[in-house]
Amino acid sequence: NQKEFADLIMKATSEVSDIIRDKKPINTDFAIRFGIVFNTSAMFRLEMYHSYKIRKEWLKRGKEYRSINKRLLKENVEFVDVLKTMHVLD
C-alpha cells in the first residue's frame with residue numbers, strides 16, 4: 001500500500017499519493033528513490049515521467065501542435081529561420 005511504500009522510501013504518504021494521483025511531478029529526489037526501489041536509474045524514472053506528460057499534452061493539444069507545423073509548411077518557413085529571428089541561435 002502507499003503508506004508502506006512511503007515508509008520504504010522515507011517520504012510522507014501524502015507526497016507519494018500526490019505523485020501517484022498526478023498532483024505533483026516526479027522530481028529528482030523521488031526519481032532517485034524510485035530508481036533504488038525498482039532497480040532502475042533515476043534518469044529512466046524521469047524520462048518515463050516526462051514521456052507520460054508529453055503524451056498527455058499531445059492528446060490534449062495535438063490539433064494545435066499540428067497546426068503550427070502546417071503554418072510553417074504553408075508559409076514555407078524553416079524552423080531554423082524562425083529560431084534565428086527569435087535570436088535563439090545567437
Side-chain angles (χ1 to χ4, degrees):
N1 70 28
Q2 285 184 20
K3 181 176 178 2
E4 289 173 356
F5 184 74
D7 289 346
L8 177 67
I9 64 170
M10 301 168 66
K11 294 303 260 184
T13 305
S14 61
E15 291 179 276
V16 171
S17 179
D18 285 346
I19 289 173
I20 290 170
R21 292 183 295 126
D22 201 21
K23 300 287 184 188
K24 284 188 176 180
I26 293 177
N27 60 27
T28 52
D29 177 45
F30 271 93
I32 291 167
R33 292 168 193 268
F34 288 0
I36 292 167
V37 171
F38 297 113
N39 196 29
T40 60
S41 70
M43 187 61 70
F44 175 75
R45 291 285 142 198
L46 289 172
E47 287 171 354
M48 275 184 56
Y49 173 75
H50 289 294
S51 292
Y52 161 74
K53 295 302 275 186
I54 288 168
R55 175 77 175 137
K56 191 174 173 182
E57 199 64 30
W58 263 103
L59 291 173
K60 182 178 174 184
R61 300 173 195 235
K63 186 177 179 181
E64 181 180 345
Y65 296 145
R66 286 186 292 279
S67 72
I68 294 169
N69 190 45
K70 287 178 185 176
R71 290 172 103 186
L72 288 173
L73 292 172
K74 181 180 175 185
E75 296 172 18
N76 198 22
V77 176
E78 293 291 326
F79 183 65
V80 173
D81 294 334
V82 172
L83 293 177
K84 284 179 183 174
T85 61
M86 296 169 57
H87 304 285
V88 173
L89 299 177
D90 292 346

Practice task
Would you give the length of the straight line joining atom NZ of K24 to atom OG of S14, rounded to the nearest 0.5 angstrom?
Solution key: 6.5 Å

Exercise for the section: Please identify each residue that fulfils side-chain contact (heavy atoms from CB on, under 4.5 Å) with K63, with sequence neighbours left out. Expected result: R66

Fill in the blank from the handout: Distance col, row S17:OG vs F5:CZ, nearest 0.5 angstrom, shows 12.5 Å

Problem - Contact list for residues 50-73, test ring-ring contact (aromatic ring centres under 6.0 Å, His included), sequence neighbours left out - result: W58-Y65

Problem - Contacts of type salt bridge (charged side-chain N to carboxylate O under 4.0 Å, His left out), residue D7, not counting sequence neighbours - result: K3

Fill in the blank from the handout: Using a 4.5 Å side-chain heavy-atom cut-off and chaining through intermediate ILVMFWY residues, the residues clustered with L59 come out as none

Fill in the blank from the handout: Between the CZ atom in R21 and the CD1 atom in I19, the distance rounded to the nearest 0.5 Å is 11.0 Å

Handout entry: Residue pairs passing the salt bridge (Lys or Arg N to Asp or Glu O under 4.0 Å) test where at least one lies in residues 48-59, sequence neighbours excluded
Key = D22-K53, D22-K56, E57-R61

Exercise for the section: Could you pull out all residues at least two apart from N39 that satisfy side-chain contact (heavy atoms from CB on, under 4.5 Å)? Expected result: none

Exercise for the section: Quick one: list whatever passes side-chain contact (heavy atoms from CB on, under 4.5 Å) with S67, sequence neighbours left out. Expected result: none

Distance-only criterion, 3.5 Å: show the donor-acceptor pairs between side-chain atoms of residues 25-38 and protein atoms not counting sequence neighbours.
unit_1: N27; atom_1: OD1; unit_2: D29; atom_2: N; d: 3.1
unit_1: N27; atom_1: OD1; unit_2: F30; atom_2: N; d: 2.8
unit_1: D29; atom_1: OD1; unit_2: R33; atom_2: NE; d: 2.8
unit_1: D29; atom_1: OD1; unit_2: R33; atom_2: NH2; d: 3.4
unit_1: D29; atom_1: OD2; unit_2: K11; atom_2: NZ; d: 3.0
unit_1: D29; atom_1: OD2; unit_2: R33; atom_2: NE; d: 3.2
unit_1: R33; atom_1: NH1; unit_2: I9; atom_2: O; d: 2.5

